[in-house]
Amino acid sequence: MNLSAIHHVAIIVSDYQKSRHFYVDQLGFEVIRENYRKERNDYKLDLKLGDSELEIFGIADAPKRLNYPEACGLRHLAFKVENIEETIAELHAKGIETEPVREDTFTGKKMTFFFDPDGLPLELHE
């Protein structure tokens with residue numbers, strides 16, 4: 001098996017414009033491609049962050065995400081940061097709340113969570 005990296009992660013969002021603003025304007029993802037797919041009545045937005053890609057599918061009638069109890073499937077997306085306190089300050093300045101910083105039990109590194117417009121947990125990890 002010759003798997004070399006994760007190419008992309010895909011998520012479904014309920015409000016395309018709100019999520020586009022969040023990921024592009026607030027978090028700083030770069031737009032690679034943006035397409036409306038008439039046959040599916042949805043949007044597909046391909047974003048880039050470093051060497052990773054995130055696909056956003058805007059599907060208005062998608063069922064809501066279960067939070068608790070957690071269902072099988074994607075649990076969260078984690079972003080590596082150099083300075084968690086600076087990143088938290090930037091998020092707060094944009095009106096994005098975060099959980100208190102805690103220490104990862106296994107790595108000893110600082111971490112915290114915040115949420116996208118649909119409640120998908122996003123992690124910051126130093």
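Counting heavy-atom neighbours within 6.0 Å of D25 CG, excluding the residue itself, gives a total above 12. In the displayed structure, D51 atom CG is contacted under 6.0 Å by at most 12 heavy atoms of other residues, nucleotides or ligands. Shown here is K18, whose NZ atom has no more than 12 heavy atoms of other residues, nucleotides or ligands within 6.0 Å.
D104 has no carboxylate O lying under 4.0 Å from a charged side-chain N of K109, or vice versa, which leaves the two without a salt bridge. Between D42 and K44, no side-chain nitrogen of the basic residue sits less than 4.0 Å from a carboxylate oxygen of the acidic one, so the salt-bridge criterion is not met. A salt bridge links R20 with E34: the distance from a Lys NZ or Arg NE/NH1/NH2 to an Asp or Glu carboxylate oxygen falls below 4.0 Å.
Of all heavy-atom pairs spanning D15 and D118, the tightest one is N-OD2, 4.4 Å. Scanning all heavy atoms of the two residues, the minimum distance from L74 to V9 falls at CD2-CG1, 4.5 Å. For P121 against F115, the heavy-atom pair with the smallest separation is CA-CD2, 3.6 Å.
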Expected list for residues 88-95: side-chain donor-acceptor pairs under 3.5 angstrom, two or more places apart:
residue, atom, partner, partner atom, Å
H92, NE2, T98, OG1, 2.8
K94, NZ, Q26, O, 2.6

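For the side-chain hydrogen bond (donor to acceptor under 3.5 Å, both in side chains) with E123, the lone residue among R75, H76, K80 that qualifies is H76.
Ring orientation note: the planes of Y43 and Y16 are close to parallel, at an angle under 30° on the 30°/60° scale.
Under the 4.5 Å side-chain heavy-atom criterion for ILVMFWY residues, a single connected hydrophobic cluster contains both I56 and I96.
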